[in-house]
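What you see is a predicted model; the values in this text were computed from it and never measured. Chain A is the first sequence line, chain B the second, and so forth, proteins listed ahead of strands; every chain is numbered from 1.
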Number of protein chains: 4
Amino acid sequence: MAKATGDQSEVGAAVGPPLSRAERKREELRREIVDASFSCFAEKGYHGTGISDIAARLGIGHGTFYRYFENKRDIVDHVITHLLERVVSALAAENAPDAPATLAAYREQTERIATALLSIMDEDPRIARLLLFQAPAIDAELEARVTGLIDAMAELTAGYLRHGVAVGYLPADLDTLNTARAINGMILAGAIHGLNDPGHDSGEYVVAALRLMHVGLGGSMSTDGSNN
Amino acid sequence: MAKATGDQSEVGAAVGPPLSRAERKREELRREIVDASFSCFAEKGYHGTGISDIAARLGIGHGTFYRYFENKRDIVDHVITHLLERVVSALAAENAPDAPATLAAYREQTERIATALLSIMDEDPRIARLLLFQAPAIDAELEARVTGLIDAMAELTAGYLRHGVAVGYLPADLDTLNTARAINGMILAGAIHGLNDPGHDSGEYVVAALRLMHVGLGGSMSTDGSNN
Amino acid sequence: MAKATGDQSEVGAAVGPPLSRAERKREELRREIVDASFSCFAEKGYHGTGISDIAARLGIGHGTFYRYFENKRDIVDHVITHLLERVVSALAAENAPDAPATLAAYREQTERIATALLSIMDEDPRIARLLLFQAPAIDAELEARVTGLIDAMAELTAGYLRHGVAVGYLPADLDTLNTARAINGMILAGAIHGLNDPGHDSGEYVVAALRLMHVGLGGSMSTDGSNN
Amino acid sequence: MAKATGDQSEVGAAVGPPLSRAERKREELRREIVDASFSCFAEKGYHGTGISDIAARLGIGHGTFYRYFENKRDIVDHVITHLLERVVSALAAENAPDAPATLAAYREQTERIATALLSIMDEDPRIARLLLFQAPAIDAELEARVTGLIDAMAELTAGYLRHGVAVGYLPADLDTLNTARAINGMILAGAIHGLNDPGHDSGEYVVAALRLMHVGLGGSMSTDGSNN
DNA sequence: CATGAATGAGCCTTCATTCAT
DNA sequence: TATGAATGAAGGCTCATTCAT
């Protein structure tokens, strides 16, 4: 009787069995609830949002919510997961995951990543608001998830840096992990700034941050990107 | 029998009118309530903290709370103000506010500031937790206060950068404001990292971040601090 | 299985849209809450009554109350409105609203009105208790509503008196408004007396008051109602 | 040292032992508390008045209140007693308590009484507000006290009426008690009206009410007071 | 399956009263 | 004796969750 097997959906979901019409509708509403919850949480805050707000936004009965999600706490996880999928897939689309072979290539890669990341935040600043300002306050677990996410990003960056050191275009004495954290922080700051000043030009910020990151305060970004 | 006016000793307390014994006790309890609220909010979150939790922590009746603060929302402002005072006074103690005249002097200043700031966060990571993770979620107003604070820090840093440009030890084409934001972000990341990993060595982080800030990824910090 | 629209039967209910079963149940509970609130307020006083008392009397959860009424203050208005509807409809049922053409006819009308009014109060003295003794103490607004009600009654009576003067069966120099107030007062006194002495014979009171009203202290009520 | 003995107030106070200076001050504050409570209760309602409001009005600590009165409930009794003393003494001053021998004399007496009573209410409408609108809502006991007071007034009036019947200037078949209640009601209505319309001319009301009372609706008040 | 009526735990807040100073 | 700091019972109200329809 098992209606099939496993793991449909989830970003890299392997093609699962075809969903019946009813299942597809169910999945659609599920997604809509996640979206509506995201909007509400980002706009009014987690504690300022009632289940009824979410339901009202969709024009469904608020009892229906509980046929799709365990409880209020439950949905935040899904919202965040959904947001991360959005972010990750946006990044994946833009960036070749290849490890860059030269400093110049790495510089370009960082630029692509930073630009993509901040573009997402510019498009919908509610993402940053929910992820950075709401989620950590809900719960110890969610706080851990957010800090874990930040750590993971740092670790990812650190991997690139370690690669650069191994290949030789980055200095051997680079403290890769802490440097990665600092780079991370620049992105964080960009995202947070986007919240305050929605009309800002994140491109300029990226340029300034990349310059700081690649040549430091004193250096200048020559056309060829060399640092001297 | 002398009423003994002397020493009301608050750190930077401007000389005020001498406080009566009752007034001193009142001020003391007020402070204790702020402290207890801080602890509760940082540990259990704003919404997870009841007035009764705060009162219980102090062993006072919860009605007493309302003799000192308007309501639950009221005290968060006081807690935050108190924290900022702590931070500011710690910074003020460590740093000569003089604008540095050379790049090396500026480098030293940034090091002092960063070290002082992260030391505070290391000492009591709950400060960062409340300021960065709890406060923005409470209220639109508090979110604005936190983002305003971050902006103010960026503006402060930008001021130093502009000075460096004017004096000549920083490049004329430096995007001072955005660069300041990026620098800010490094500090933010340091503070957040301190939350996750309380036993971490924030000194190493400061070194890595300063290196990134001053010479960029490719550069090395030679003993004399020169960048080439 | 037919949904059966018919008979929503509220006494003088104007033909409205047919109510669904759920709507009828809702309206019924609403009414029950009003009734229970009335009982509680009349018996234990407004301030002596908790929302939980009202809910307990109906065997419902106290949260349910708030699904039907905004707050505690809100329901008093509804209770009072409901009471006034009861009173007004009772009066309307008994009395032809025609302006009487002769003194004798007016005398009969006053008797009918007074009797009807005091019968209502006799039947349920809590009406007077709530209206006269509780409501004015709740609020400046409710005090105004009660005094406004008394004024309106006086104005109504004054209208009749003015008619009598115009038609000629009442003296031209009658101070209609103040006289109306005094007549009003007799009814008030009757209602209040009914509170103290629930077993009293309000018929006798009406006779005495009508006699006073129509012939004064010295006169006698001859069979034909003449005054001499 | 005795600073004089005499009549330390209290209307019918039997001459007691001379009070010391401290005792007199105590008695004075007691009286002030009663007055302040009266003002507060009349203006903001019993439940709207806090002990601290009363204390604040006098500029005393609110703990002091409890050195003079048992509790909040306690003082209402004192306030009411005090008000009744004021009313009674005002009436006593104006009226010979002699039973009138003729209808004309009784008419004059009723006029004096009604005028005096309504003058008091005009002077300070808060008396009526407290007595009629606040007191009955506080408590079953206070409700009983107020209705008892009204009854007592009716009984008093009935005594006069009975006297009139006995002496012969009132008809033998007069329902003295109910008639007395109706007369009472006129006064009540006058007092209540005074609350609404503080600028009103209570003299006119008294005239109209007396006319109604003595000659009824149809009659006219000829100079000699005869009714024909 | 969708709905929304019902529920009650839980929280903030007030204020009469006590009592140490 | 006067004071006001402290107290905690009490109560209004919200909202996440359940479940009968």
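For the pair D/Lys72 and D/Tyr46, the distance from NZ or CZ to the six-membered ring centre is under 6.0 Å and the angle to the ring normal is within 45 degrees.
Protein chain B contacts DNA chain E over a range whose 5' and 3' limits, counting nucleotides with an atom under 4.0 angstrom from a non-hydrogen atom, are E/dC12 to E/dT14.
Residue pairs satisfying the salt bridge (Lys or Arg N to Asp or Glu O under 4.0 Å) criterion with at least one member in residues 61-71 of chain D, sequence neighbours excluded, are absent. Under the salt bridge (Lys or Arg N to Asp or Glu O under 4.0 Å) criterion, the residue pairs touching residues 46-56 of chain B are B/Lys44-B/Asp53, with sequence neighbours excluded. Within the structure, the salt bridge (Lys or Arg N to Asp or Glu O under 4.0 Å) test picks out the following pairs touching residues 55-64 of chain D (sequence neighbours left out): D/Glu43-D/Arg57.
Evaluation of the ring-ring contact (aromatic ring centres under 6.0 Å, His included) rule for A/His62 yields no partner, not counting sequence neighbours. Residues meeting the salt bridge (Lys or Arg N to Asp or Glu O under 4.0 Å) test with A/Arg30, sequence neighbours left out: A/Glu27. Residues satisfying the side chain to side chain donor-acceptor pair (under 3.5 Å) criterion with A/Asn71, sequence neighbours excluded, are absent altogether. For C/Phe69, the ring-ring contact (aromatic ring centres under 6.0 Å, His included) criterion is met by C/Phe65, C/His78, not counting sequence neighbours. Under the rule for a ring-ring contact (aromatic ring centres under 6.0 Å, His included), B/Tyr68 has no partner lying at least two apart in sequence or in another chain.
Annotation: side chain of C/Arg126 is in contact with side chain of C/Phe38 (closest heavy-atom distance under 4.5 Å).
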Review point. After noting the C-alpha distance and the side-chain angles of B/Leu142 and B/Asp77, does the key distance pass the side-chain contact (heavy atoms from CB on, under 4.5 Å) rule?
Key: CA-CA 8 Å; B/Leu142 277 177; B/Asp77 280 330; 3.6 Å; yes
Practice item. Mind running side-chain contact (heavy atoms from CB on, under 4.5 Å) on C/Leu58 and C/Asp35 for me, showing each step along the way? Key: CA-CA 10 Å; C/Leu58 292 174; C/Asp35 285 344; over 6 Å; no
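Near DNA chain E, meaning a heavy atom under 4.0 Å from it, residues 68-79 of chain B has B/Asn71, B/Lys72 in order of number. Of the residues in residues 33-59 of chain D, those with a non-hydrogen atom less than 4.0 angstrom from any atom of DNA chain E are D/Thr49, D/Gly50, D/Ile51.
Spacing between atom CG of B/Leu29 and atom P of F/dG4 amounts to 17 Å, rounded to whole angstrom units.
Nucleotides of DNA chain F nearest to C/Gly63 and A/His62 differ in position, and the one nearer the 5' end is that of C/Gly63.
Side chains of D/Arg145 and D/Thr81: a donor-acceptor N/O pair is present below 3.5 angstrom, by distance only.
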Check your understanding: With Watson-Crick and G-U wobble geometry limited to distances under 3.5 Å, how should the secondary structure of DNA chain E be encoded in dot-bracket form, using | for bases paired to another strand and [ ] for crossing pairs?
Key -> .||||||||||||||||||||
